[in-house]
Amino acid sequence: MATSKCAIIVGASSGIGAALARKLARKGWKLALVARREKELEAVAGPINRGGADRALVFAHDVTKFSEAAPLFQEIVHRLGGFDMIVYCAGVMPPVAPDEYNIEKDKLVFDVNVLGAMAWLNEAAARCERQRSGTIVGIGSVAGVRGRKGQPVYCASKAALHTYLEGLRNRLGHKGVTVVTIKPGPVHTPMTEGLKLPFMITADQAADGIIAAVRRRAVCAYVPIIWWPIMTIIKMIPSWLFRGKDI
Ligand SMILES: NC(=O)c1ccc[n+]([C@@H]2O[C@H](COP(=O)([O-])OP(=O)(O)OC[C@H]3O[C@@H](n4cnc5c(N)ncnc54)[C@H](OP(=O)(O)O)[C@@H]3O)[C@@H](O)[C@H]2O)c1
């Protein structure tokens with residue numbers, strides 16, 4: 001029987017996922033930290049586990065190995081002693097030149113950002129449906145709201161994730177399950193290293209925004225909130241006017 005709440009963070013080795021792990025641990029959550037780089041995961045888990053208690057368990061895993069997600073999910077739930085929440089943070093945004101069209105790069109973006117999410121969140125959804133409780137969180141992006149010329153495939157991957165999460169919410173919302181879509185604006189993490197972007201926040205601030213959204217069971221949360229009015233306007237711009245711009 002679980003004595004504290006249990007969460008799985010997929011993509012916990014850096015950036016937003018690592019910041020979220022530290023904050024949830026401070027709130028007493030028991031965590032499973034998942035990503036490829038075991039050393040980085042251990043660096044996140046080390047301070048959490050200081051003092052003896054094994055509150056953060058580390059699992060090295062590549063989300064593009066889709067068939068490994070279901071058995072690993074089951075193993076994690078067993079080791080944690082329960083399941084209350086999953087946050088899918090894993091994501092990639094490789095640099096793309098303005099004249100580049102590269103299907104291998106595109107496939108990787110969809111494998112990590114979309115299919116990896118489905119492999120993990122389908123399993124979580126089935127568990128939540130059975131236990132009639134639980135929270136599923138997906139980290140989308142403001143980039144998924146419109147198709148932008150700089151990153152057409154990354155934008156498409158986040159749009160696909162948003163739509164998938166909406167479908168899960170419609171399927172599970174009346175069964176005691178909360179599905180939260182987070183749409184962050186630019187966050188200072190390794191993913192955005194060297195980029196100058198507007199309204200940039202820290203990974204800690206993004207983690208606070210995610211925790212606040214989960215607490216109020218938001219359907220969809222822009223993080224920070226300034227992106228809500230901005231994207232509401234950007235969404236209304238007709239395609240013919242949006243063409244050629246990069247906003
Ligand atoms: N930074 C931003 O401005 C921003 C804005 C909006 C949305 N987001 C989204 O927020 C999420 C977190 O990004 P971040 O900014 O925190 O970037 P980050 O620091 O680069 O973190 C990405 C995480 O994804 C994991 N990951 C990547 N490929 C993986 C794979 N094949 N298997 C397992 N894990 C994999 C990485 O772990 P390993 O490399 O150890 O595997 C890492 O933990 C992403 O979904 C991103 O699209 C970011």
(request) For M93 and V109, run side-chain contact (heavy atoms from CB on, under 4.5 Å): C-alpha distance rounded to whole Å, both residues' side-chain angles, the deciding distance at 0.1 Å, then the answer. (result) CA-CA 7 Å; M93 186 181 70; V109 171; over 6 Å; no

(request) With sequence neighbours excluded, tell me which residues meet side chain to side chain donor-acceptor pair (under 3.5 Å) with E123. (result) Q74

(message) Applying salt bridge (Lys or Arg N to Asp or Glu O under 4.0 Å), can you list everything that pairs with E100, at least two apart in sequence or on another chain?
(response) K105

(request) Indicate yes or no for a side-chain donor-acceptor contact from T192 to the backbone of L195 under 3.5 Å, with no hydrogens or angles considered. (result) no

(request) May I ask you to test the I103-D106 pair for a side-chain heavy-atom distance under 4.5 Å? (result) yes

(message) If I compare all heavy atoms of P198 with all of W227, which pair ends up nearest, and what's the gap?
(response) O-CZ2, 3.7 Å

(message) Under the rule for side chain to side chain donor-acceptor pair (under 3.5 Å), what residues qualify as partners of D62, not counting sequence neighbours?
(response) T64

(request) State which residue, out of V177, L121, V179, fulfils the side chain to side chain contact (heavy atoms under 4.5 Å, CB included) condition with C128. (result) V177

(request) Check whether any side-chain N or O of R55 sits under 3.5 Å from a backbone N or O of G28 as a donor-acceptor pair, and report yes or no. (result) yes

(message) I'd like to know if the side chain of Q151 and the backbone of P94 have a donor-acceptor N/O pair within less than 3.5 Å.
(response) yes

(message) I'd like to check I9 versus Y88 (side-chain heavy atoms, cut-off strictly below 4.5 Å). Are they in contact?
(response) no

(request) Give a yes/no verdict on a cation-pi contact between R127 and F73, requiring under 6.0 Å between NZ or CZ and the six-membered ring centre and an angle within 45° of the axis. (result) no

(message) Membership question, hydrophobic clusters at under 4.5 Å side-chain separation (ILVMFWY): are L31 and L72 in the same one?
(response) no

(request) Find out if a path of hydrophobic residues (ILVMFWY) with successive side-chain heavy-atom gaps under 4.5 Å connects Y222 to V219. (result) no

(message) I'd like to know if V96 and Y154 are part of one continuous hydrophobic network [Ile/Leu/Val/Met/Phe/Trp/Tyr, side-chain heavy atoms within less than 4.5 Å].
(response) no

(request) Check each of R37, E38, E42 against S13 using the side-chain hydrogen bond (donor to acceptor under 3.5 Å, both in side chains) test, and report the only one that passes. (result) R37

(message) Closer than 3.5 angstrom, by distance alone: can the side chain of N49 be matched with the main-chain N or O of D54 as a donor-acceptor pair?
(response) no

(request) Could you go through the side-chain contact (heavy atoms from CB on, under 4.5 Å) check for L168 and E166 one step at a time? (result) CA-CA 5 Å; L168 277 192; E166 184 177 34; over 6 Å; no

(message) Grouping I, L, V, M, F, W and Y whenever their side-chain heavy atoms are under 4.5 Å apart, do I76 and L33 come out in a common cluster?
(response) no

(message) side-chain hydrogen bond (donor to acceptor under 3.5 Å, both in side chains), that's the test. Do T181 and R169 meet it? Break it down for me.
(response) CA-CA 9 Å; T181 306; R169 187 179 304 115; 2.6 Å; yes

(request) Establish whether V44 and V137 are linked, either directly or via other cluster members, by ILVMFWY side-chain heavy-atom contacts under 4.5 Å. (result) yes

(message) When you measure from the side chain of Q131 to the backbone of A126, do you find a donor-acceptor pair of N or O atoms at a distance under 3.5 Å?
(response) no

(request) Give a yes or no answer on whether the side chain of N113 reaches the backbone of K158 with a donor-acceptor pair at less than 3.5 Å. (result) no

